[in-house]
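So the structure is just underneath, and the comments pick up after that.
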Amino acid sequence: MRIVPKEFYELPTLELARALIGKLLVHDTPEGRLSGYIVETEAYMGPLDQAAHSFGGRKTKRTEVMFREPGHIYTYQMHTHTLINVVAEDVDEPHAILIRAVEPVEGQTVMQANRNQLPKKQWTNGPGKLTKALGITMAHYGELWYEPPLYIAEGKEVSGISTGPRIGIDNSGEAVHYPYRFWETDNPFVSKYRAPKTPPK
DNA sequence: CCGCAGATCATCT
DNA sequence: GATGATCTGCGGA
């Protein structure tokens with residue numbers, strides 16, 4: 001289990017989003033180690049990206065951690081779910097990368113229980129699902145990705161990486177079309193693609 | 001298989 | 001009081 005070092009997070013946001021595909025997301029819990037390969041990410045490019053929480057700059061308490069050093073953990077609540085991000089870029093450059101899906105590796109019995117005994121394909125194929133499966137909560141807000149109990153380690157080689165528009169940001173103007181979503185080609189745990197409402201010209 | 005409505009609550013106005 | 005970087009169940013094809 002080799003934890004990915006602090007320096008890794010200094011990559012430019014889009015390169016980091018791509019480099020995260022295939023890494024191992026690990027959570028050491030009282031019930032044992034829960035882990036999965038990251039198979040899908042989305043980049044959010046700071047104050048100029050209409051889809052980012054940090055669009056327009058420093059405004060609310062929720063996004064404060066996005067303005068800190070790269071490698072911080074940014075969690076937030078969406079309806080009843082927790083979503084989890086990797087903070088990227090330097091201090092006062094509030095970029096982040098959303099982890100959208102993982103492929104289950106260790107602790108599968110616990111994950112199945114956390115996901116209400118659903119079929120394996122549905123354990124972690126979405127940002128709210130994977131946090132529930134791995135027991136990730138708002139308690140991790142502001143922690144670091146290179147220190148236990150929640151961290152990222154070296155994972156597997158990926159066969160290929162695809163890109164496309166981000167999901168669930170229909171009201172974000174031109175940003176709807178930016179190809180900031182990355183996933184491992186043909187991996188069955190990637191969340192389902194849904195075409196944007198307004199197709200690109 | 002596909003699309004849509006409702007859930008449900010922390011966060012922000 | 002309004003709003004989601006979502007998920008699930010339900011109804012129809």
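Reminder, nothing fancy here: chain letters follow the sequence lines and each chain counts from 1.
Screening A/His53, A/His140, A/Arg68, A/Glu143 for a side chain to side chain donor-acceptor pair (under 3.5 Å) with A/Tyr74, the sole residue that qualifies is A/His53.
Distance A/Met78 CE to C/dT8 C1': 14 Å, rounded to the nearest Å. At whole-Å resolution of the value, OH in A/Tyr74 and C1' in B/dA10 are 12 Å apart. The distance between atom CG of A/Leu118 and atom C1' of C/dT8, rounded to the nearest whole Å, is 10 Å. As a whole-Å value, the separation of A/Leu98 CG from C/dT6 P is 8 Å. Taking atom CG on A/Asp170 and atom P on C/dT6, their separation rounds to 10 Å, with Å as the unit.
Taking every side-chain heavy atom of A/Thr60 into account, B/dC12 is the closest of B/dC12, C/dT6, B/dA10. When the nucleotides C/dA5, B/dT11, C/dG4 are ranked by their closest atom to the side chain of A/Tyr44, C/dA5 comes out on top. Nearest to the side-chain atoms of A/His81 among the listed nucleotides B/dT8, C/dT6, C/dA5 stands C/dT6. Side-chain atoms of A/Asn85 lie closest to C/dA5 of the nucleotides C/dG4, C/dA5, C/dC7. Here the nucleotide nearest the side chain of A/Lys61, chosen from B/dC12, B/dT8, C/dC7, is B/dC12. Of the candidates B/dA10, C/dA5, C/dT8, B/dA10 carries the atom nearest the A/Gln77 side chain, counting heavy atoms from C-beta on.
Side chains of A/Glu106 and A/Ser35: a donor-acceptor N/O pair is present below 3.5 angstrom, by distance only. Counted by atom type alone, A/Asn125 and A/Lys121 present zero donor-acceptor pairs between their side chains at under 3.5 Å. A donor-acceptor contact closer than 3.5 angstrom links the side chains of A/Thr185 and A/Ser162.
Taking only side-chain nitrogens and oxygens, A/Arg115 comes nearer than 4.0 Å to OP1 or OP2 of C/dT8. Of the side-chain N and O atoms in A/Arg100, one or more sit less than 4.0 angstrom from OP1 or OP2 of C/dT6. Contact between the side-chain N/O atoms of A/Lys132 and the OP1/OP2 oxygens of C/dC7 is not found at any separation under 4.0 Å.
A/Met66 and A/Ile152 end up in different hydrophobic clusters when Ile, Leu, Val, Met, Phe, Trp and Tyr side chains are linked at under 4.5 Å.
The shortest heavy-atom contact between A/Trp123 and A/Met111 is CE3-CB, 4.1 Å.
Checking A/His79 against A/Met138, the closest nucleotide of DNA chain B that is more toward the 5' end is the one next to A/His79.
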**Request:** Go ahead and write out DNA chain B as dot-bracket, 5' to 3': ( ) for pairs within the strand, [ ] for ones crossing earlier pairs, | when the partner sits on another strand, dots for unpaired; Watson-Crick or G-U wobble, both distances under 3.5 Å.
**Result:** |||||||.||||.
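Taking a centre distance below 5.5 Å and an interplanar angle below 30 degrees as the stacking criterion, A/Tyr76 does not stack against the six-membered base ring of C/dA5.
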